[in-house]
Colleague: 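Take this structure, written in structure tokens, and hold onto it; I'll ask about it next.
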Amino acid sequence: MSTNVLESIDVEVPVSTAYNQWTQFESFPRFMGGVERIEQLDDTRTHWVTKIAGVQREFDAEVTEQHPDERVAWKSVTGPQQAGAVTFHRIDETHTRVTLQLDFEPEGVVEKAGDALGIVGKQAKGDLSRFKEFIESRGAEEGAWRGDVNRTPQQGETPPPPA
């Protein structure tokens with residue numbers, strides 16, 4: 001059974017600052033609990049090493065959709081099945097709402113027990129809170145990747161018309 005998590009937080013930085021920092025995947029261990037290392041393999045692929053509740057996992061993920069100042073979506077391509085998206089909503093010139101959605105398939109007894117206790121939701125909420133502290137204390141992003149990645153239609157969907 002798949003689990004879905006949805007969490008939001010308002011940060012006191014412009015939307016471009018929040019978005020730009022989120023594209024710096026290698027900085028995630030500085031505010032995401034359980035993420036030990038992320039290696040950027042190319043513009044859309046990353047290799048993750050995580051350790052949560054004593055369970056270490058390594059997997060590759062791919063950005064499946066990305067639009068500057070709006071959205072970054074991804075899915076795992078190896079390892080545990082998971083996908084997610086983070087969206088950025090301009091509140092005003094200096095405030096942004098960051099919304100994180102995660103979909104994952106818990107594996108094994110430890111992950112299923114943690115899922116039943118809502119551990120992933122609590123982790124996501126804590127990660128967003130630490131992201132808020134991280135970006136607000138800096139006031140600026142460490143870097144940016146502002147490339148566009150258009151979502152590939154899923155099986156059975158009609159592709160969008162050419163622009």
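Only heavy atoms go into these numbers, but all of them, side chains included; no hydrogens, no water, no symmetry mates. Note that the numbering runs from 1 along the sequence shown for the chain.
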Colleague: Search all heavy atoms of V35 against all heavy atoms of P29 and return the closest pair with its distance.
Modeller: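 Scanning both residues, the minimum pair turns out to be O-CB, 3.3 Å.
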
Colleague: Can you sort out the partners of E136 under salt bridge (charged side-chain N to carboxylate O under 4.0 Å, His left out), two or more places apart, ordered by chain and number?
Modeller: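 Salt bridge (charged side-chain N to carboxylate O under 4.0 Å, His left out) check on E136 returns K132.
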
Colleague: Apply the test side-chain contact (heavy atoms from CB on, under 4.5 Å) to residues E7 and V98: give CA-CA distance (whole Å), side-chain angles for both, the deciding distance (0.1 Å), then the verdict.
Modeller: CA-CA 8 Å; E7 293 290 339; V98 179; over 6 Å; no

Colleague: Once the angle between the rings of F31 and F28 is folded into 0 to 90°, is it parallel (under 30°), tilted (30 to 60°) or perpendicular (over 60°)?
Modeller: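 F31 and F28: tilted rings.
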
Colleague: Rounded to the nearest 0.5 Å, what separation is found between the NZ atom of K125 and the CZ atom of R130?
Modeller: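 It is 12.5 Å, given to the nearest 0.5 Å.
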
Colleague: When T96 is tested against each of I91, I9, V15, I135 for side chain to side chain contact (heavy atoms under 4.5 Å, CB included), which residue passes?
Modeller: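 Of the listed options, the one satisfying the test is V15.
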
Colleague: List the residues meeting side chain to side chain contact (heavy atoms under 4.5 Å, CB included) with S76, not counting sequence neighbours, and say none if there are none.
Modeller: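 With neighbours one apart ignored, the set is F59, Q82.
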
Colleague: Quick one: list whatever passes side chain to side chain donor-acceptor pair (under 3.5 Å) with Q24, sequence neighbours left out.
Modeller: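 Q24: no side chain to side chain donor-acceptor pair (under 3.5 Å) contacts found.
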
Colleague: Let me see the working for T64 and R151 under side-chain contact (heavy atoms from CB on, under 4.5 Å), right down to the final yes or no.
Modeller: CA-CA 6 Å; T64 57; R151 187 175 74 84; 5.5 Å; no

Colleague: Return the set of residues passing salt bridge (charged side-chain N to carboxylate O under 4.0 Å, His left out) with D60 (not counting sequence neighbours), or none when no residue passes.
Modeller: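 If we apply the salt bridge (charged side-chain N to carboxylate O under 4.0 Å, His left out) test to D60, skipping adjacent residues, there are no hits.
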
Colleague: Taking side chain to side chain donor-acceptor pair (under 3.5 Å) as the test, write out the residues that go with T87, two or more places apart.
Modeller: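 Expected list: H89.
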
Colleague: Can you list everything that forms a salt bridge (charged side-chain N to carboxylate O under 4.0 Å, His left out) with E62? Sequence neighbours excluded, please.
Modeller: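 With sequence neighbours excluded, E62 shows a salt bridge (charged side-chain N to carboxylate O under 4.0 Å, His left out) to no residue whatsoever.
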
Colleague: Is R57 close to P80 at the side-chain level, that is, under 4.5 Å between some pair of heavy atoms?
Modeller: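 Counting from C-beta outward, P80 and R57 do come under 4.5 Å.
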
Colleague: Working to the nearest 0.5 Å, report the span between CZ of F131 and CE of M32.
Modeller: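 Here the rounded value is 9.0 Å.
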
Colleague: Any non-hydrogen side-chain atom of E65 less than 4.5 Å from a side-chain atom of W74?
Modeller: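 Contact flag for E65/W74 side chains = no.
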
Colleague: Evaluate side-chain contact (heavy atoms from CB on, under 4.5 Å) for T50 paired with Q56, printing each intermediate quantity in order.
Modeller: CA-CA 6 Å; T50 63; Q56 184 165 349; over 6 Å; no

Colleague: Can you find a pair of side-chain heavy atoms, one from H47 and one from R37, that are under 4.5 Å apart?
Modeller: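 Heavy-atom side-chain distance check passes, below 4.5 Å.
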
Colleague: With rounding to the nearest 0.5 angstrom, report the CG to CD distance, D148 to E70.
Modeller: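 The CG atom of D148 sits 8.5 Å away from the CD atom of E70.
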
Colleague: Side chain to side chain donor-acceptor pair (under 3.5 Å) with T23: which residues, sequence neighbours excluded?
Modeller: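 Here no residue qualifies.
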
Colleague: Quick one: are the ring centres of F25 and W145 less than 6.0 Å apart?
Modeller: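 Centroid separation for F25 and W145: 6.0 Å or greater.
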
Colleague: Are R146 and D69 packed together at the side-chain level, in the sense that at least one heavy-atom pair is separated by less than 4.5 angstrom?
Modeller: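 A side-chain contact under 4.5 Å exists here.
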
Colleague: Could you tell me whether Q81 atom CD has more than 12 heavy atoms of other residues or ligands within 6.0 Å of it?
Modeller: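 Incorrect, the count does not exceed 12.
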
Colleague: According to salt bridge (charged side-chain N to carboxylate O under 4.0 Å, His left out), who are the partners of D43, at least two apart in sequence or on a separate chain?
Modeller: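 Salt bridge (charged side-chain N to carboxylate O under 4.0 Å, His left out) list for D43, sorted by chain: empty.
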
Colleague: Please enumerate all residues that pass ring pair (Phe, Tyr, Trp, His ring centres under 6.0 Å) together with Y19, with sequence neighbours excluded.
Modeller: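 Residues passing ring pair (Phe, Tyr, Trp, His ring centres under 6.0 Å) with Y19: F88.
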
Colleague: Provide the full list of salt bridge (Lys or Arg N to Asp or Glu O under 4.0 Å) pairs with a residue in residues 20-36, sequence neighbours left out, each pair given once.
Modeller: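 Sorted pair list: R30-E142.
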
Colleague: Restricting to non-hydrogen atoms, name the atom on G139 and the atom on T17 that form the minimum distance, rounded to 0.1 Å.
Modeller: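 Closest heavy-atom pair between G139 and T17: O-CG2, 4.3 Å.
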
Colleague: Name all pairs fulfilling the salt bridge (Lys or Arg N to Asp or Glu O under 4.0 Å) condition that reach into residues 89-104, sequence neighbours left out, sorted by first residue then second.
Modeller: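 Matches after skipping sequence neighbours: D10-R97, R90-E93.
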
Colleague: Among residues at least two apart in sequence or on other chains, which ones pass side chain to side chain donor-acceptor pair (under 3.5 Å) with T99?
Modeller: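 Side chain to side chain donor-acceptor pair (under 3.5 Å) list for T99, sorted by chain: S8.
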
